[in-house]
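Worksheet: the structure to be examined is printed underneath.
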Amino acid sequence: MHAQLRAPRRLTGALTLLLVALLPACTADPPTAPATSTPADPAPAGADAARGELAALAAAARDRHLTARYTLTGTDGPARDVVVVRAEDGTWRVDVPGGALGGTADVSLAATADGLFQCGLPSAGRPEGASCVRLGGRDDVVPGRLDPRVQHPFTDWLEVLTDRRTPLAVSPATAPAGVAGRCYAVETTSASLHPPLDVGIYCYEADGTPTHVRAALGTLTLAGAPGPGPATVALAGPVVDAEPIGPDAPAVEESPSAGTS
């Protein structure tokens, strides 16, 4: 009887020692895997490269001093020639045929050391000589109701394209037939009632010369090789104390009907 009891006790003791030996291996913490973080989705490499290329070209355009003629199409009326002048001192002037009075009056917009001006040019809807009205300071923007928008690709939109913080999506685009330089499709990536620029296609030569813009304002295409820019721009006429020329065509007065008194 006692011999039979001693055998199970020896077996129980052996099992106990085995469990004690295995317990540390079972309870030890498993090796900790390196913590991994989920990075934010990066912009595609091609898109990021295009954004950088366009910013560099826009910066070159800001430093480009030229006198150039562009053909404006895609708006009401026939094609028109827009003249752009960017001077060495940073002043600029853009002459816009049909830019006021419902397309019957030609205007010139200019930013000089004395401010921002709208000048009326002799045209069918305005036969008198050229004269200019001050709209504000040199760095002000043209009031919305007077804005023909054609000047933006050569002035403030260059700053938008240069600033990498501006929420834009940029991708390479195929240059239209006959257009020199590299082209990029530009879209805004944030909803806004006042986007910083028109979405569209923007093309530049390596030296920063704008060669083509297709946007809501129409299509501007460089017409011929640009010439050098002057030291500073000159206004088209003297500055006068008057109201700027509005965008709407003048009202046509109806003549009295025959037989009325």
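Contacts classified as salt bridge (Lys or Arg N to Asp or Glu O under 4.0 Å) and involving residues 199-216 (residues at least two apart or in different chains) are given here: R64-D207. Within the structure, disulfide bond (SG atoms under 2.5 Å apart) pairs that include any residue of residues 63-132 comprise C119-C132 (at least two apart or interchain). Within the structure, the side-chain hydrogen bond (donor to acceptor under 3.5 Å, both in side chains) test picks out the following pairs touching residues 219-230 (sequence neighbours left out): H212-T221. Note on residues 208-246: no pairs pass disulfide bond (SG atoms under 2.5 Å apart), not counting sequence neighbours. Every pair tested for salt bridge (Lys or Arg N to Asp or Glu O under 4.0 Å) that includes a residue from residues 233-247 fails, sequence neighbours excluded, so the list is empty.
Under a 4.5 Å side-chain heavy-atom cut-off, the cluster of Ile, Leu, Val, Met, Phe, Trp and Tyr residues that includes V240 is completed by V133. Hydrophobic clustering, defined by side-chain heavy atoms of Ile, Leu, Val, Met, Phe, Trp and Tyr closer than 4.5 Å, groups V85 together with V83, V233. Other residues sharing the hydrophobic cluster of I201, ordered by chain and number and joined by side-chain separations under 4.5 Å: none, the residue standing alone.
Scanning for ring-ring contact (aromatic ring centres under 6.0 Å, His included) contacts around Y70 gives F154, with sequence neighbours left out. With sequence neighbours excluded, no residue satisfies ring-ring contact (aromatic ring centres under 6.0 Å, His included) with H65.
Contact check for T174 versus C183: no side-chain heavy atoms found under the 4.5 Å cut-off. Using a 4.5 Å cut-off on side-chain heavy atoms (C-beta onward), L57 and Y184 make contact. Side chains of D95 and V82 form no contact here, defined as non-hydrogen atoms less than 4.5 Å apart.
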Can you list, pair by pair, the side-chain donor-acceptor contacts under 3.5 Å of residues 137-147, counting residues two or more places apart and other chains?
from : atom 1 : to   : atom 2 : distance (Å)
R138 : NH2    : D89  : O      : 3.2
R138 : NH2    : G90  : O      : 3.4
D140 : OD2    : G137 : N      : 2.6
D147 : OD1    : R149 : N      : 2.7
D147 : OD1    : Q151 : NE2    : 2.9
D147 : OD1    : H152 : NE2    : 3.4
D147 : OD2    : H152 : NE2    : 2.7

Just list the side-chain donor-acceptor pairs under 3.5 Å for residues 97-106, sequence neighbours left out, or say none.
from : atom 1 : to   : atom 2 : distance (Å)
T104 : OG1    : L101 : O      : 2.7
D106 : OD1    : G98  : N      : 2.8

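Salt bridge annotation for R164-D48: present, with a cationic side-chain nitrogen under 4.0 angstrom from a carboxylate oxygen.
No path of Ile, Leu, Val, Met, Phe, Trp and Tyr side chains, each step under 4.5 Å between heavy atoms, connects V199 with W157, placing them in separate hydrophobic clusters.
Formation of a donor-acceptor pair under 3.5 Å by the T112 side chain with backbone atoms of D114 is found in this model. Not a single donor-acceptor pair under 3.5 Å links the side chain of R182 to the backbone N or O of C203.
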